[in-house]
Participant: 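Here it is, the structure in full.
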Amino acid sequence: MENVFLLLEERGFVEQVTDRALVHDLLERPATCYIGFDPTAKSLHVGSLLPIMSLVHMQRSGHRPIVVIGGGTALVGDPSGKTEARPVMTREEIEENAKGIKKQLSRFLDFSHGRALMVNNADWLAELKYIDFLRDIGRHFSVNRMLAAESYKLRLQTGLSFIEFNYMLLQAYDFWYLFKHYDCRLQMGGNDQWGNILAGTHLIKRLEGEVAHGLTFPLLTTSSGEKMGKTHKGAVWLDPQLTTPYEYYQYWINQDDRDVERFLALFTLLPMDEVRRLGALQGAELREAKEVLAFEATKLCHGEKDALEAKEASRALFGQKEPGASGGAVPTFRIGKEELGKGIPAYILFERSGLCKTRAEARRLIAQGGGYLNGGRIEAFDQVINLRDLKDGSLLLRAGKKRYMRVAVS
RNA sequence: GGAGAGGUUCCCGAGUGGUCAAAGGGAGCAGACUGUAAAUCUGCCGGCUCAGCCUUCGGAGGUUCGAAUCCUCCCCUCUCCA
C-alpha cells in the first residue's frame, strides 16, 4: 500500500512537517496520530472537514487516529490565529457538544474495536496540580521562545491574558500524555497550530528523550479569499438538522471553478487520476466535475441515499424544465390550509418560510425582482398568495437564482 | 495605582448640537450577463402594521425645543509609567 504520507502530500493536505523523511518512515508501519477538535459547538462544520478527511485517510491506511476533544482546553481558550479571546464555556455545554461531535465523526471514522479513539483532554488536564505542573512541565518552556511564536505575536498587539498564554503548555501536555499512554507520535492540525504542535514534540523530547512529529494542513480559503464554509446563512454544518443534505450539496456545487480540483482531492476519496481528469474540464463542462464533488462530499457526510436525493432535487430545480419540485430533499415549509385560504401577502410568506430573515428583506427581494412563485416572477411585494396558486398541492418559492422553498399545505 | 488614547450600524472606518438610520470601503443580497462559476455593470443593504412610525452610535443619568455629537458617573480595550 502506498505510504499515506505521500498520499496526503499528493492530495494537498500537507503544509508543514517536522521532518519529511522521519514522518514518512513512521507511517510505513501502523502508527497512532491525533488531532484536537474544539467542542465549541454541538456540530462540526465544513471548516473541520480537512482534518477529518486526513484522519479518514490515516485509518484507511491502517493507522489509528485519535480524536481529542478539547474539553479541558476549551475551558481556557486558544489564542492562536484569533484576534480576541474566546468566551469561556461551561462543562455541561462542552459535554453536550462532545456527544454531537462523536456522532458526526462516526460517519467518517470507524470507532469500533479501538480502530479509532476519542478522548477528552479534560480527563487528564482537570486533575493537574498547579505546583506539580509548573515544576514538571513549566520548567521546560522558555517564555522568550513562546513570545516569538507567530500565534502569540498577533495577540501581543491586542492583549493576551495569562490564562490563554498557558494554552500552549496544555496542548503540549496533551501530546505528551497521548505519547505516554497510546504511543502516539504524530500530531496533526491546522497551520495555526504549528507552534502548539512543536511545543508538544519539544516536551516529549525533553521528558522522554524520544522524537515525535507534527504535520499541519494548509489554512483553507476559497479562491475568492473567503474562509471555507461560510454562506449568507452562516456556517455550513455537518449536522443534517442544521444544514440539510440538500443545502450541503448546494454548498459544494456552488464552489468557484478554480477550487474544484483542489477540493476534489481534499474532500472526496476519488483516485487522483479521476480528480485530475475532472479538474481539467473546461468551461461549462466543469459543472460535471462540480456535480461529482457535491455528490461525493455529500455522500461522505450524509450517506449515499441522501446524496442521491440531493442530486436529484438539484437537477429537477436547476434543470431545463421549470420545476415540478418532486424530490423530497428540497426544504419544505408547512402552512395551515385555513391560513393560506385567507390569502397571505408574498413578502410575509417569504419571511415566514425562512427564505428571508425579515419582512423588510423580503420586500426588497421581491421589489428587486428576486422573488418567484412556481417559476414566475412575483410583481408586487404584497401580492396575495392563496389556494389558487397551489400546483400539485404545493407552492414553490424561489429567492434569487438558487434558493428554493417548497410550501406545503397541512 | 498614575498619565494618555479609544469604544459608531456584520467588519474596517468617517462623523463633534439639527440637513444622521449616520460618509466611504469591504462583506452580503438582488437584477443584467452566464454555466447553480468568476469578472463586470446597476440597484439594495436596522426594523415595522412602510409617503409614516419605532429602535440604534459601550452602559446609566443629565443639559437642550433638539444629542452619536455637550456634562456627570460607571464599564471595557489599548499604549506608556509603577
Side-chain angles (χ1 to χ4, degrees), chain A residues 79 82-87 153-161 164 221-236 246-264 278-295 297-298 310-323 325 327 329-331 344-352 354-373 375-384 396-405:
Chain A
K82 302 197 176 56
T83 45
E84 277 174 44
R86 253 190 333 210
K153 266 191 200 156
L154 233 157
R155 288 301 305 276
L156 283 175
Q157 311 295 317
T158 56
L160 175 70
S161 74
E164 292 173 84
T221 51
T222 63
S223 288
S224 42
E226 282 291 293
K227 243 201 198 145
M228 282 290 294
K230 247 188 58 193
T231 66
H232 72 282
K233 288 178 85 172
V236 177
Y246 169 78
E247 289 167 318
Y248 192 79
Y249 183 95
Q250 285 293 313
Y251 171 75
W252 289 106
I253 212 159
N254 280 312
Q255 292 301 327
D256 194 304
D257 283 11
R258 292 166 290 179
D259 293 323
V260 173
E261 182 166 346
R262 195 160 53 113
F263 288 178
L264 278 166
L278 288 165
L281 294 176
Q282 290 299 315
E285 284 195 328
L286 200 57
R287 250 173 57 246
E288 185 200 324
K290 287 188 185 176
E291 202 171 56
V292 173
L293 170 65
F295 177 73
T298 308
K311 182 171 166 179
E312 272 161 28
S314 297
R315 280 191 168 167
L317 292 173
F318 292 98
Q320 310 300 1
K321 59 232 175 242
E322 256 313 329
V330 182
I344 180 166
Y347 72 103
I348 293 177
L349 188 59
F350 270 69
E351 183 266 333
R352 286 275 305 283
L355 274 174
C356 295
K357 284 196 280 295
T358 65
R359 291 182 180 181
E361 186 183 310
R363 245 165 208 274
R364 254 178 254 130
L365 177 84
I366 298 170
Q368 291 185 107
Y372 302 81
L373 171 63
R377 182 171 283 172
I378 300 171
E379 297 302 335
F381 75 86
D382 55 356
Q383 183 177 109
V384 175
L396 186 68
L397 301 183
R398 193 175 112 208
K401 267 183 287 196
K402 328 179 189 175
R403 288 158 48 225
Y404 284 92
M405 181 68 67

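None of these values were measured; they are calculated from a predicted model. By convention in this document, chain letters (A, B, ...) are assigned in the order of the sequence lines, proteins followed by strands, and residues within each chain are numbered from 1.
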Participant: To the nearest Å, give me how far apart CG (A:N254) and C1' (B:C29) are.
Facilitator: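 Checked: the CG to C1' distance equals 14 Å.
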Participant: Hey, which sits more toward the 5' end of RNA chain B by its nearest nucleotide, A:G370 or A:D257?
Facilitator: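 It is A:G370, whose closest nucleotide lies nearer the 5' terminus.
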Participant: With rounding to whole Å, what would you report as the distance between B:C70 and B:G15 at their C1' atoms?
Facilitator: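 These two C1' atoms come out 16 Å apart once rounded.
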Participant: Can you check the A:L286 CG to B:U36 C1' distance for me, whole Å?
Facilitator: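 Answer to the nearest Å: 13 Å.
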Participant: Please find the pair of heavy atoms, one from A:K357 and one from A:E351, that lie closest to each other, and give the distance.
Facilitator: O-CG, 4.1 Å
Participant: Take atom C1' in B:C71 and the same atom in B:C81, then report the distance between them in whole Å.
Facilitator: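 It works out to 30 Å between them.
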Participant: Over how many whole Å does the gap from A:R377 atom CZ to B:G31 atom C1' extend?
Facilitator: 7 Å
Participant: With heavy atoms under 4.0 Å as the rule, sort A:Y372 into base, sugar-phosphate or nothing.
Facilitator: sugar-phosphate
Participant: Which atom pair, heavy atoms only, marks the closest approach of A:A346 to A:A380?
Facilitator: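 Scanning both residues completely, I find the closest heavy atoms to be CB-O, 4.5 Å.
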Participant: What nucleotide, of B:A37, B:C50, B:C33, holds the atom closest to the side chain of A:K401?
Facilitator: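 Looking only at side-chain atoms, A:K401 lies closest to B:C33.
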Participant: Could you please name the partner base of B:C10, counting Watson-Crick and G-U wobble pairs only when both distances are under 3.5 Å?
Facilitator: B:G26
Participant: Of all the heavy-atom pairs spanning A:G400 and A:L365, show the shortest one and how long it is.
Facilitator: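 So the two residues come closest at N-CD1, 4.3 Å.
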Participant: B:C29 C1' sits how many Å from A:F350 CZ, rounded?
Facilitator: 14 Å
Participant: Regarding B:G31, can its base be found pairing with the side chain of A:Q368 as donor and acceptor, where the two atoms are less than 3.5 Å apart?
Facilitator: no
Participant: Of all the nucleotides listed (B:U49, B:G35, B:U34), which has the minimum atom distance to the side chain of A:R359?
Facilitator: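 Closest of the options to the side chain of A:R359: B:U49.
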Participant: When rounded to the nearest Å, what value does the distance between P atoms of B:G58 and B:G13 take?
Facilitator: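 Pairwise P distance, B:G58 against B:G13, rounds to 14 Å.
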Participant: Looking for any heavy atom pair under 4.0 Å, which part of the strands does A:G283 touch: base, sugar-phosphate only, or nothing?
Facilitator: base
Participant: With a 3.5 Å limit on both atom pairs, tell me what B:A38 is paired to, counting Watson-Crick and G-U wobble, or say none.
Facilitator: none
Participant: For the P atoms, the ones on B:A21 and on B:A68, what distance do you get once it is rounded to whole angstrom?
Facilitator: 9 Å
Participant: According to a strict under-4.0 Å criterion, is A:K402 in side-chain N/O contact with OP1 or OP2 of B:A37?
Facilitator: yes
Participant: I'd like the P distance from B:C57 over to B:C50, given in whole Å.
Facilitator: 26 Å
Participant: To the nearest angstrom, how far is A:D256 atom CG from B:A38 atom P?
Facilitator: 6 Å
Participant: Looking at B:A38, B:C48, B:U36, which one has an atom nearest to any side-chain atom of A:S314?
Facilitator: B:U36
Participant: Return the minimal non-hydrogen interatomic distance between A:L286 and A:G279, and the atom names on each side.
Facilitator: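 For A:L286 versus A:G279, the nearest heavy atoms are CD1-O, 4.3 Å.
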Participant: Please determine if a side-chain N or O atom of A:R364 lies less than 4.0 Å away from the OP1 or OP2 oxygen of B:G47.
Facilitator: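 The answer is yes; a side-chain N or O of A:R364 sits under 4.0 Å from OP1 or OP2.
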Participant: Taking atom C1' in both B:U69 and B:U63, what distance in whole Å separates the two?
Facilitator: 14 Å
Participant: Can you tell me how far P of B:U36 sits from OH of A:Y246, to the nearest Å?
Facilitator: 13 Å
Participant: How many angstroms lie between atom CG of A:L278 and atom CD of A:E261, to the nearest 0.5 angstrom?
Facilitator: 9.0 Å
Participant: How many whole angstroms separate atom CZ of A:F381 from atom P of B:C29?
Facilitator: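 Between P of B:C29 and CZ of A:F381: 23 Å.
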Participant: Now, which nucleotide makes the Watson-Crick or G-U wobble pair with B:U55, with each of the two distances under 3.5 Å?
Facilitator: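 Pair assignment: B:U55 / none.
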Participant: What nucleic acid atoms does A:Q250 come within less than 4.0 Å of, heavy atoms only: base, sugar-phosphate, or nothing?
Facilitator: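 Touches a base.
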Participant: Between A:F350 and A:I378, which heavy-atom pair has the shortest distance, and what is it?
Facilitator: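 Of all heavy-atom pairs spanning A:F350 and A:I378, the closest is CE1-CD1, 3.7 Å.
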Participant: Rounding to an integer number of Å, can you tell me how far A:R398 CZ sits from B:A30 P?
Facilitator: 10 Å
Participant: Could you pick out which residue, A:Q282 or A:I348, lies toward the 5' side of RNA chain B when each is mapped onto its nearest nucleotide?
Facilitator: A:Q282
Participant: Determine the interatomic distance between C1' on B:U9 and the same-named atom on B:C20; round to the nearest Å.
Facilitator: 12 Å
Participant: As a quick check of understanding, evaluate side chain to side chain contact (heavy atoms under 4.5 Å, CB included) for A:R403 and A:Q250, giving each step before the final call.
Facilitator: CA-CA 9 Å; A:R403 288 158 48 225; A:Q250 285 293 313; over 6 Å; no
Participant: Does A:L365 reach a base, just sugar-phosphate, or nothing at all? Heavy atoms under 4.0 Å.
Facilitator: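 If one applies the 4.0 Å heavy-atom cut-off, A:L365 turns out to touch the sugar-phosphate alone, with no base involved.
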Participant: Determine which nucleotide pairs with B:U16, using a 3.5 Å limit on both distances of a Watson-Crick or G-U wobble pair.
Facilitator: none
Participant: Considering every strand shown, what is the Watson-Crick or G-U wobble mate of B:U77 when both distances are under 3.5 Å?
Facilitator: B:A5
Participant: Testing the basics here: between A:A294 and A:W252, what is the closest heavy-atom pair and its distance to 0.1 Å?
Facilitator: CA-CB, 3.6 Å
Participant: What's the gap between B:U72 and B:U79 when it is taken at their P atoms, as a whole Å value?
Facilitator: 27 Å
Participant: Report the base-pairing partner of B:C45 (Watson-Crick or G-U wobble, both distances below 3.5 angstrom), or none.
Facilitator: none
Participant: Report yes if a side-chain nitrogen or oxygen of A:R258 is closer than 4.0 Å to either non-bridging phosphate oxygen (OP1 or OP2) of B:A37; otherwise report no.
Facilitator: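 Checking A:R258 against B:A37: no side-chain N or O falls below 4.0 Å of OP1 or OP2.
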